[in-house]
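So the structure is just underneath, and the comments pick up after that.
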Amino acid sequence: MATITATAAKAMQPTYRINQTVTKVQSYVTSASLSVGDIIVFADLKIPHRAVVTDVRMRSSNPDGQIVLAAGTLGSGGTINLFGSRTASVGIGTGFSTYTVQGAFTISVSDDATDRWQAFSVRVDAQASATASASLQFVVTYTTS
């Protein structure tokens with residue numbers, strides 16, 4: 001089991017605009033060594049304290065197997081399987097698979113936490129082959145008040 005951090009060239013702080021809807025997108029191409037229990041932290045998909053997550057979507061392209069990915073958050077008070085699991089299947093994905101967001105989920109960070117955000121993350125829950133790799137793209141939408 002390993003934790004992998006996906007970052008873009010420039011680190012991005014969580015976007016917090018009062019009374020607005022924010023949509024963030026980040027892509028990641030996995031390595032062939034991905035295995036069950038690995039966690040991918042999307043460092044550029046930071047969701048600020050008090051934001052309400054309303055939608056989580058995944059698009060994938062998997063050349064060599066199926067991967068089941070549980071989605072959630074990491075950080076102070078984060079839960080890795082918060083939004084349930086989806087399967088990234090063999091083939092080239094063109095559509096988005098929607099994770100189930102039970103109602104609207106409010107991000108809550110401990111008062112004594114240094115970071116006032118949680119990072120969107122996925123965990124590999126199952127895979128069809130030992131060399132399953134994928135090109136992943138996640139879209140997270142949240143509102144602020």
Inset, instruction - Identify, with sequence neighbours excluded, every residue that meets side-chain hydrogen bond (donor to acceptor under 3.5 Å, both in side chains) alongside Ser121. - result: none

Legend entry - ILVMFWY network linking Phe96 to Val25, side-chain heavy atoms under 4.5 angstrom: yes

Legend entry - Closest approach of Arg123 to Asn81 (non-hydrogen atoms, all atoms of both residues): NH2-CB, 4.0 Å

Inset, instruction - Could you tell me whether a side-chain N or O of Gln26 sits under 3.5 Å from a main-chain N or O of Leu136, the two making a donor and an acceptor? - result: no

Inset, instruction - Report the relative orientation of the aromatic rings in Phe42 and Tyr28; use parallel for angles under 30°, tilted for 30 to 60°, perpendicular for over 60°. - result: perpendicular

Legend entry - Taking every non-hydrogen atom, the tightest pair across Val36 and Ala126: CG2-CA, 3.9 Å

Inset, instruction - Indicate the atoms forming the closest heavy-atom contact of Arg86 with Thr98, along with that distance. - result: NE-O, 2.7 Å

Legend entry - Between OG1 on residue Thr144 and CD1 on residue Ile107, distance to nearest 0.5 Å: 13.0 Å

Legend entry - Rounded distance [0.5 Å steps], CZ in Arg50 versus CZ in Arg116: 10.0 Å

Legend entry - side-chain contact (heavy atoms from CB on, under 4.5 Å) between Phe120 and Val56, worked out: CA-CA 10 Å; Phe120 178 79; Val56 176; 3.7 Å; yes

Legend entry - Minimum-distance pair of heavy atoms, taken over all atoms of Met58 and Leu69: SD-CD1, 3.8 Å

Legend entry - Joint cluster assignment, Tyr99 & Val22, ILVMFWY side-chain distance < 4.5 Å: yes

Legend entry - Distance-only side-chain donor-acceptor flag, Thr23 / Thr141, under 3.5 Å: yes

Legend entry - Exam field: side chain His49 to backbone Val109, donor-acceptor pair closer than 3.5 Å: yes

Legend entry - Nearest non-hydrogen partners of Tyr142 and Lys24, listed with the distance: OH-CE, 3.7 Å

Legend entry - Candidate list Ile40, Val122, Val41, Thr79, test side chain to side chain contact (heavy atoms under 4.5 Å, CB included), partner Leu74, passing option: Val41

